[in-house]
Asker: 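The structure that follows is given in the form of structure tokens.
Each chain gets a letter, A, B and so on, in the order the sequences are listed, and its residues count up from 1. Just so it is clear, the model here is predicted, and its values are computed rather than measured.
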There are 2 protein chains.
Amino acid sequence: MQVSKTLDYAVRSLTYMGNDPVLKRSMKEISEHQHIPLSYLAKIMRRLVKKGIVRSMVGPDGGYALRRSPKEIKLRDVYEAIEGEIRMVDCMDRDNICVFYDSCTQLPVWDKVQMSMIKILEDTTLQDMLSKSRGKSARPN
Amino acid sequence: MQVSKTLDYAVRSLTYMGNDPVLKRSMKEISEHQHIPLSYLAKIMRRLVKKGIVRSMVGPDGGYALRRSPKEIKLRDVYEAIEGEIRMVDCMDRDNICVFYDSCTQLPVWDKVQMSMIKILEDTTLQDMLSKSRGKSARPN
DNA sequence: ATATTATGGATGCATGATGTCCACAATATT
DNA sequence: AATATTGTGGACATCATGCATCCATAATAT
Ligand code: SF4
Ligand code: SF4
């Protein structure tokens, strides 16, 4: 129940790019500025490209750029590009069919948590995470 | 970002016990009825005992029983007994101090998610997860 | 032609979740 | 007192996966 390092990397990279959406940034640049292992960043960028969140140019002076404006990039998109579909429990897919599924009493609760999380990620855009607009909520209990 | 199998086991065990709070149930019983590996269940029960959620009696006809009424057992308690403190990202504890912490723009979002999750787990009691009262929410998108 | 940059795939590594074993302590029953 | 039952504590085994590295190749600007 934690944000993976990989997702953290992805968001970091995107906010970095989002701060100057017009610029093109190379992996090397992103890697250095955001302290992300270069060769691992490559993997991450690949997923963002595949999901149409960024576009890539290969060759000298190549690099990455946002494909849409920060305002149109939902955090949910990023999450799903990295982690796949948001799913709090995996009792429904593939061969993971639990015997208790039909009468399960905790599933509704996790669904509730999941929906609440989806709503937040759906309502949060990259724009909301750029350097300018900061600090709405404080650390909770 | 998923509910661990261990937590699932814990909740299952507790709801099983909660359905007849007056009864005492042995590990063997719980293990068989809830399809949980016996020796692993032992580990799980230990954490629940330590956190004062259940009490244990050793010896013949021994077993476990809820220490409080189902209505007084919050899902949050269970979660924390198993997983430790709820923490969406671990950039603040120990040596995990991220260089970007002070100017981090995504932290507020995860905080928001975390608070929302805490609220739900705090408001949900074991009582809410017993066989009788079921099915409030359906599977989301 | 050359240098640069991204791509794709294979592979390695470390950590943590999950699961097992066993010797021992507690206690109810006889 | 002897015995059977049940939980306890610790060590250990196994497995999956997140994280990371390497390298050969393709694309392309100069
Ligand atoms: S018990 Fe409920 S939540 Fe857990 S795996 Fe089975 S169906 Fe899913
Ligand atoms: S970037 Fe922000 S969220 Fe990610 S580790 Fe650093 S402080 Fe935490």
Side-chain angles (χ1 to χ4, degrees), chain A residues 1-13 17 23-32 34-65 67 79 81-84 87 89-90 94-96 98, chain B residues 1-13 17 23-32 34-67 79 81-84 87 89-90 93-96 98:
Chain A
M1 196 70 61
Q2 286 219 177
V3 176
S4 76
K5 217 164 176 176
T6 311
L7 178 54
D8 189 75
Y9 287 162
V11 175
R12 261 196 246 171
S13 304
M17 300 174 70
L23 268 57
K24 184 191 327 174
R25 327 228 78 145
S26 72
M27 276 211 303
K28 193 149 164 268
E29 243 180 316
I30 301 176
S31 165
E32 281 167 1
Q34 297 299 314
H35 295 40
I36 303 170
L38 181 61
S39 40
Y40 190 52
L41 179 59
K43 303 303 174 199
I44 296 175
M45 294 315 283
R46 212 80 279 288
R47 306 196 215 178
L48 297 180
V49 169
K50 283 225 179 94
K51 286 292 180 179
I53 295 174
V54 307
R55 64 201 158 86
S56 65
M57 288 79 68
V58 44
D61 193 49
Y64 299 92
R67 188 177 278 282
Y79 183 106
I82 300 300
E83 311 278 13
R87 176 165 294 164
V89 284
D90 51 22
R94 293 166 304 193
D95 46 357
N96 270 324
C98 172
Chain B
M1 195 72 60
Q2 285 219 178
V3 176
S4 76
K5 219 164 176 176
T6 311
L7 178 55
D8 190 75
Y9 286 162
V11 174
R12 261 196 247 170
S13 305
M17 299 175 70
L23 268 56
K24 184 191 328 175
R25 327 229 78 146
S26 71
M27 276 210 303
K28 191 148 164 271
E29 245 180 316
I30 301 176
S31 165
E32 281 168 0
Q34 297 299 316
H35 296 40
I36 303 171
L38 182 59
S39 39
Y40 191 51
L41 179 59
K43 304 303 174 198
I44 296 175
M45 294 315 283
R46 212 79 279 288
R47 307 196 214 177
L48 297 180
V49 169
K50 284 225 178 95
K51 285 290 180 181
I53 295 173
V54 307
R55 64 200 158 87
S56 64
M57 286 80 67
V58 44
D61 194 48
Y64 299 93
L66 298 182
R67 189 176 278 283
Y79 183 105
I82 300 299
E83 311 278 14
R87 176 167 293 164
V89 284
D90 51 22
D93 54 355
R94 293 165 305 191
D95 47 357
N96 269 326
C98 172

Asker: To the side chain of A:Y64, which of D:dG7, C:dA6, D:dT8 is closest?
Answerer: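 Taking heavy atoms from C-beta onward, the closest nucleotide is C:dA6.
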Asker: Output the rounded distance in Å from CG (A:D61) to P (D:dT28).
Answerer: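 Rounding to the nearest Å, CG of A:D61 and P of D:dT28 are 13 Å apart.
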Asker: Nearest whole Å is fine: how far is D:dA20 C1' from A:I44 CD1?
Answerer: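 It is 10 Å, rounded to the nearest whole Å.
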Asker: What is the nucleic acid contact for A:S26, judged by heavy atoms within less than 4.0 Å: base, sugar-phosphate only, or nothing?
Answerer: sugar-phosphate
Asker: Grab the CE-P distance between B:M45 and C:dG19 for me, whole Å please.
Answerer: 16 Å
Asker: So if I take every side-chain heavy atom of B:M27 and compare against C:dG19, C:dA6, D:dT8, which nucleotide ends up nearest?
Answerer: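 Among C:dG19, C:dA6, D:dT8, the one nearest the side chain of B:M27 is D:dT8.
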Asker: Dot-bracket for DNA chain C, 5' to 3', with Watson-Crick and G-U pairs under 3.5 Å, [ ] for crossing pairs and | for other-strand pairs: what is it?
Answerer: ||||||||||||||||||||||||||||||
Asker: Checking B:R47 side chain against B:I82 main chain: does a donor-acceptor pair fall under 3.5 Å?
Answerer: yes
Asker: Quick one: does any side-chain atom of B:K24 pair with a main-chain N or O of B:G62 as donor and acceptor, under 3.5 Å?
Answerer: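 Side chain of B:K24 to backbone of B:G62: no pair is present.
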Asker: Please give, in whole Å, the distance from C:dG19 C1' to B:R46 CZ?
Answerer: 18 Å
Asker: Report the C-alpha distance between B:T6 and B:Y40 in whole Å, list the side-chain angles of each, state the deciding distance to 0.1 Å, and finish with yes or no for side chain to side chain donor-acceptor pair (under 3.5 Å).
Answerer: CA-CA 9 Å; B:T6 311; B:Y40 191 51; 2.7 Å; yes
Asker: Search all heavy atoms of B:C98 against all heavy atoms of A:R12 and return the closest pair with its distance.
Answerer: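 Looking at all heavy atoms of both residues, the closest pair is SG-NH2, 4.5 Å.
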Asker: Rounded to whole angstroms, how far apart are CD on B:E29 and C1' on D:dT5?
Answerer: 14 Å
Asker: Is B:Y9 close to B:L41 at the side-chain level, that is, under 4.5 Å between some pair of heavy atoms?
Answerer: no
Asker: Have a look at B:K43 and say if it touches a base, only the backbone sugar-phosphate, or nothing, with a 4.0 Å heavy-atom cut-off.
Answerer: base
Asker: Under a 3.5 Å distance rule, please check whether A:S26 uses its side chain to pair with a backbone N or O of A:G63 as donor and acceptor.
Answerer: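 The answer is no, because no donor-acceptor pair under 3.5 Å joins these two groups.
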Asker: Write down the distance between CG (B:L41) and C1' (C:dT18), rounded to a whole number of angstrom.
Answerer: 13 Å
Asker: List in chain and number order the residues that pass side chain to side chain donor-acceptor pair (under 3.5 Å) with B:Q2, two or more places apart in sequence or in another chain; answer none if no residue qualifies.
Answerer: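 Expected list: A:D90.
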Asker: Testing A:R25, A:M27, A:E29 one by one against A:Y64 for a side chain to side chain contact (heavy atoms under 4.5 Å, CB included), which residue passes?
Answerer: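 By the side chain to side chain contact (heavy atoms under 4.5 Å, CB included) criterion, A:Y64 pairs with just one of A:R25, A:M27, A:E29: A:M27.
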Asker: When you get a sec, tell me which of D:dG7, D:dA20, C:dT7 is the closest nucleotide to the side chain of A:Y9?
Answerer: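 Comparing D:dG7, D:dA20, C:dT7 against the side chain of A:Y9, the answer is D:dA20.
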Asker: For the pair made of NZ in B:K5 and P in D:dT14, what is the distance, rounded to whole Å?
Answerer: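 Rounded to whole Å, this separation is 17 Å.
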Asker: Return the residues of residues 47-60 of chain B meeting this criterion: a heavy atom under 4.0 Å from some atom of DNA chain C. Order them by number, or give none.
Answerer: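 Going residue by residue through residues 47-60 of chain B, the ones with a heavy atom under 4.0 Å of DNA chain C turn out to be B:V58, B:G59, B:P60.
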Asker: If you assign B:E83 and B:P37 each to the DNA chain C nucleotide with the nearest heavy atom, which residue ends up on the more 5' nucleotide?
Answerer: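 Comparing both residues, the 5'-ward one is B:E83.
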Asker: What is the distance from CG of A:D8 to P of D:dC19, rounded to the nearest Å?
Answerer: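 Spelled out: CG on A:D8 to P on D:dC19 is 9 Å.
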Asker: Measure the shortest side-chain to side-chain distance between B:M1 and A:S4 over non-hydrogen atoms and say whether it is less than 4.5 angstrom.
Answerer: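 When only atoms from C-beta onward are counted, A:S4 and B:M1 do not touch, as no gap falls below 4.5 Å.
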